[in-house]
There are 2 protein chains.
Amino acid sequence: MIRIGEFSKMAQVSVPTLRYYDQMGLLKPIEVDRFSGYRYYSVNQLPRLHRILALKGLGFSLEQIGEALDDGLTPEQMRGMLKLRHAQLSQELAEMQSQLLQVEMRLQQIEREDTAYDVILKPVEPLLIASVRAILPTHSAVGQLFKEVYEGIGPYVDEALGPCPGAGGTTLVLWYDTEFKDRDVDGAAAFMVRCRVPDRGRMRVEVLPAVTVASAIHHGSYDTIGEAHEAVIRWVDAHEYRIAGPDREINLYNKPPIRRDDPTYITEIQYPVEKI
Amino acid sequence: MIRIGEFSKMAQVSVPTLRYYDQMGLLKPIEVDRFSGYRYYSVNQLPRLHRILALKGLGFSLEQIGEALDDGLTPEQMRGMLKLRHAQLSQELAEMQSQLLQVEMRLQQIEREDTAYDVILKPVEPLLIASVRAILPTHSAVGQLFKEVYEGIGPYVDEALGPCPGAGGTTLVLWYDTEFKDRDVDGAAAFMVRCRVPDRGRMRVEVLPAVTVASAIHHGSYDTIGEAHEAVIRWVDAHEYRIAGPDREINLYNKPPIRRDDPTYITEIQYPVEKI
DNA sequence: GTAAACCCTCAAGTAACTTGAGAGTCAAGA
DNA sequence: TCTTGACTCTCAAGTTACTTGAGGGTTTAC
C-alpha cells in the first residue's frame with residue numbers, strides 16, 4: 001500500500017500522469033479510500049507501469065497500450081503491432097530525412113544568395129484542357145497558339161469557359177521536352193475547360209491526369225521565369241524525385257498574357273513528379 | 001477577388017485551414033464583406049500562402065512562420081532559424097532511429113521466444129546510501145552483508161531509516177565488476193538512508209550520483225534474475241549506450257530478502273548508462 | 001494545536017487543425 | 001419572382017497526453 005507520491009518517485013513518473021493513467025483506466029490503484037479519495041498502489045503494479053512506459057517508448061498511443069494490456073495479447077498479435085509500428089516509423093523516418101534535406105537545401109540557397117523560391121509538393125486533381133501543341137521556334141512563340149485554341153473551342157465558348165466560378169477559362173502552358181532546349185521547343189497552349197468539346201483543327205481536348213507536383217510561384221515578368229524552373233528542378237533532383245510528365249505554367253493572373261514583361265503577373269510552375 | 005472555395009482549390013489547401021490562417025493572422029483576405037462576412041482573396045496572396053506551406057514543410061510552427069513573415073527577416077536571420085531547425089531535426093531523427101531499433105529488438109525478442117523484459121530508460125536522482133562492500137565468494141552471499149550494514153548504522157537507525165514515507169530503509173545491492181564473474185564477485189549491500197551518519201567498521205555512507213539508467217523489473221525468485229540482467233545488457237548494447245557505473249538491484253518488496261526463492265519478490269535492475 | 005507536506009477534484013491550456021450544427025448568401029434556372 | 005443547390009458564415013467541440021493552477025480536504029510531525 002503505497003501513496004501516489006512515493007509510487008511516483010519509485011517509477012519516476014509524475015503524479016498527475018499517474019492520476020491520468022487512472023482516469024484512462026490504464027493503471028488503477030489497488031485501492032481508493034472511499035472518504036478521502038486517496039489512491040493506494042502496490043509494488044505489484046510496477047511491472048505493469050513499466051510495461052506501459054516501455055510500450056510508450058516504442059511510440060504507441062495510450063489507447064493502443066490499454067488494449068494490448070487488457071487483451072493479454074499473444075506473441076503473434078504483439079508481433080503484428082510491432083510490424084505495423086515498424087512500418088510507420090520507417091515512413092516517418094524517411095519523411096524526416098527528406099525534411100532535413102530540405103532545410104539543408106534552403107541553407108545552401110541562402111549561402112548562394114539565390115532568389116529563394118518556395119518549392120512545395122502537392123497533389124493536383126485531374127484537369128480537363130483544350131490545347132494546341134506544336135513545335136515552336138522559341139518559348140515566347142507559345143503565346144500565338146492561344147488564339148488558335150480559342151477559335152478551336154469556337155461555338156462552345158460559353159459552356160466550356162463559362163463565367164468566373166470554377167477554373168474554366170484559366171490559361172496554362174505545357175512543355176513537353178525532356179531536355180532543355182532553346183529553340184524548336186515542344187509546347188502547348190491550353191485553356192481549362194468545364195466540359196468536353198469536340199476537337200477541331202489542331203485543338204485537342206484531353207484530361208491531364210491527377211499527379212503530385214513540385215510547385216513554385218513566380219511573381220513578375222516572364223523573362224525571368226527560367227529561375228523558377230531552375231529552382232523547382234533543383235528541388236526535384238535533391239529530393240530523389242523524378243520528373244513524370246510535361247511541366248505546366250499556370251497563369252494565375254486573370255487577364256490573358258499579352259505583354260510578356262508585365263511585372264504584376266503571377267505564374268505557378270508545376271512539375272509532375274514521382275518518387276525514384 | 002476570389003472567394004474562399006476557389007482560392008482553396010488553387011492552392012490545394014482546405015477551406016477551414018484558410019479560415020484558421022485568417023484567424024491566426026497568418027493570411028488575411030484582402031477584403032471581408034461587411035455584411036455577409038464572405039472572405040475575398042487575390043492571386044497576389046498566393047506567393048505568401050506558398051511560402052507559408054513551404055515553411056510548414058520544413059517543420060516550423062505557425063507561430064514561427066507568422067513571425068518570420070511579419071518581420072521581413074534578413075537572410076541572416078533566416079539562416080539562424082534554419083540552423084536551429086536543422087539541429088532539432090537531426091536530434092529527432094536520431095531519436096526516431098533509436099525507437100526503430102527498439103521496435104526491431106522487440107521483434108527479435110519475440111522471434112527468439114524470450115521472456116520479454118520491458119527495458120526502459122529513465123533518469124534517477126542522487127541517492128544517499130549506507131553500504132558494506134566486499135569481495136564475495138558467490139552472488140548469493142551478499143545477503144549476509146545486510147546485517148553488517150544495519151549494525152553499522154547502529155544508534156542512528158531511527159533517523160536514518162525512519163518510518164515508511166520517503167525511500168529510507170529500502171534495500172539494494174550494487175555490483176561493481178565490469179565483466180561477468182561467477183565467484184569472487186565485488187558487491188555491496190546497501191540501505192537507502194535519509195541523512196548522513198558516521199561510517200563505522202566496513203559500513204560507508206556515500207552518495208550515488210544522479211544518472212540515467214536502463215531499467216527492468218524482475219518479478220519472482222532471485223534465481224532467475226540473471227535473465228533480467230541479460231535483457232538489460234542486450235538493450236544497452238543494441239542502443240549504443242555504454243554502462244557507466246555499478247548496476248543496482250533494488251528490492252521493491254518491503255520485506256527484507258530472506259528466502260531467495262520467494263516468487264512474490266519484485267526487484268528493479270538498473271544499469272547506469274551514457275551515450276557512446 | 002498547528003504547520004508542512006501531501007492528497008483530492010475540477011477546469012483550462014497546449015498545436016493545428018477537422019467536424020458538425022445551424023443559419024445566411026449567391027447565382028442560375030423555372 | 002421564387003426556388004434550388006452550391007457556397008459561405010460563426011461558433012463549439014474533438015483530437016493527444018499530459019501540465020498547470022485554483023480551491024479545498026487529510027495526515028503527520030512537532
Side-chain angles (χ1 to χ4, degrees), chain A residues 1-29 31-41 49 52-67 88 92 158-159 162-168 194-195, chain B residues 1-29 31-41 49 52-53 55-67 88 92 158-159 161-168 194-195:
Chain A
M1 296 283 276
I2 305 166
R3 290 205 310 205
I4 198 169
E6 203 189 344
F7 195 64
S8 139
K9 273 178 211 143
M10 274 181 168
Q12 307 284 342
V13 172
S14 78
V15 170
T17 299
L18 286 174
R19 284 202 268 256
Y20 182 65
Y21 286 172
D22 177 9
Q23 193 188 329
M24 294 293 104
L26 259 188
L27 185 74
K28 292 272 182 206
E31 195 185 323
V32 178
D33 188 292
R34 183 182 311 279
F35 302 110
S36 68
Y38 276 30
R39 292 172 178 80
Y40 292 96
Y41 293 85
L49 178 52
I52 291 171
L53 297 178
L55 291 174
K56 199 157 69 72
L58 298 178
F60 290 106
S61 70
L62 295 193
E63 196 183 345
Q64 289 173 308
I65 294 173
E67 287 167 16
Q88 267 179 27
E92 280 173 38
D158 282 351
E159 319 157 39
C164 194
R194 304 197 300 166
C195 56
Chain B
M1 295 286 274
I2 306 165
R3 290 205 309 204
I4 198 168
E6 203 188 343
F7 196 64
S8 138
K9 274 179 211 142
M10 274 181 168
Q12 307 285 341
V13 171
S14 79
V15 171
T17 298
L18 286 173
R19 283 201 269 256
Y20 182 65
Y21 287 172
D22 177 10
Q23 192 187 329
M24 294 294 103
L26 260 186
L27 185 73
K28 293 272 179 205
E31 196 185 322
V32 178
D33 188 294
R34 184 182 310 278
F35 302 110
S36 69
Y38 275 32
R39 293 172 177 79
Y40 291 96
Y41 293 86
L49 179 52
I52 291 170
L53 297 179
L55 291 174
K56 200 158 67 74
L58 298 180
F60 290 105
S61 71
L62 296 193
E63 197 183 345
Q64 289 173 309
I65 294 172
E67 287 167 17
Q88 268 179 24
E92 280 173 39
D158 283 351
E159 320 155 40
L161 307 186
C164 194
R194 302 196 300 166
C195 56

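To find a chain, count down the sequence lines: A is the first, B the second, and so on, and within it residues start at 1.
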Task: Rounded distance [0.5 Å steps], CG in A/D33 versus CE in A/M1 - done: 8.5 Å
TODO: Check whether any side-chain nitrogen or oxygen of A/S14 sits under 4.0 Å from OP1 or OP2 of D/dC18, and answer yes or no.
DONE: no
TODO: Locate the shortest heavy-atom distance separating A/K56 from A/L62; write the atom from each residue and the value.
DONE: CD-CD2, 3.9 Å
Task: Non-hydrogen atoms of A/Y40 and A/P29 that approach each other most closely - done: O-CB, 3.2 Å
Open item on the list: Across nucleotides 3-9 of chain C, 5' to 3', mark each nucleotide with B, S or - according to how protein heavy atoms within less than 4.0 Å reach it.
Closed with: ---BSSB
Task: Nearest-angstrom distance from the residue atom CG of A/L58 to P of D/dA17 - done: 14 Å
Open item on the list: Let me confirm one number: the CG-OH distance from B/L49 to B/Y21, rounded to the nearest 0.5 Å.
Closed with: 7.5 Å
Open item on the list: Short of 4.0 Å, heavy atom to strand atom, which residues of residues 20-28 of chain B count as contacting DNA chain C?
Closed with: B/Y20, B/Y21
Task: B/T17 side, atom OG1; B/L26 side, atom CG - distance, nearest 0.5 Å - done: 11.5 Å
Task: Five-pair end axes of the helix from C/dG1-D/dC30 to C/dA30-D/dT1 and the angle they enclose, rounded to 10° - done: 30°
Open item on the list: If you count heavy atoms of other groups shown closer than 6.0 angstrom to CD of B/Q88, is the number above 12?
Closed with: yes
Open item on the list: Without decimals, in angstroms, what is the distance between B/L53 CG and C/dC17 C1'?
Closed with: 14 Å
TODO: Compare side-chain N and O positions of B/T17 against OP1 and OP2 of C/dT18 and report whether any pair is under 4.0 Å apart.
DONE: yes
Task: Shortest non-hydrogen contact between A/V15 and A/G5, atoms and distance - done: CG2-CA, 4.2 Å
TODO: Could you give me the CA-CA distance, side-chain angles and deciding distance for A/L18 and A/F7, then say whether side chain to side chain contact (heavy atoms under 4.5 Å, CB included) is met?
DONE: CA-CA 9 Å; A/L18 286 174; A/F7 195 64; 3.8 Å; yes
Open item on the list: Between P on C/dA15 and CD on B/E67, what's the gap in Å once rounded to a whole number?
Closed with: 12 Å
Task: Working for side chain to side chain contact (heavy atoms under 4.5 Å, CB included), residues B/R39 and B/R3 - done: CA-CA 6 Å; B/R39 293 172 177 79; B/R3 290 205 309 204; over 6 Å; no
Task: Separation of D/dT15 P from A/L62 CG (nearest whole Å) - done: 14 Å
TODO: Measure the CD1-CD distance between A/I2 and A/E31 for me, rounded to the nearest 0.5 Å.
DONE: 13.0 Å
Open item on the list: Need to verify one output field. Residue with the more 5' nearest nucleotide on DNA chain C, B/Y40 or B/S61?
Closed with: B/S61
Open item on the list: Tell me whether B/E67 at atom CD has more than 12 heavy atoms from other residues, nucleotides or ligands lying less than 6.0 Å away.
Closed with: yes
Task: Whole-Å gap separating C1' (C/dA15) and CD (B/E63) - done: 10 Å
Task: Nucleotide C/dT18, atom P - distance to CG of B/L18 in whole Å - done: 10 Å
- [ ] Round to the nearest Å and state the distance from B/I65 atom CD1 to C/dA16 atom P.
- [x] 8 Å
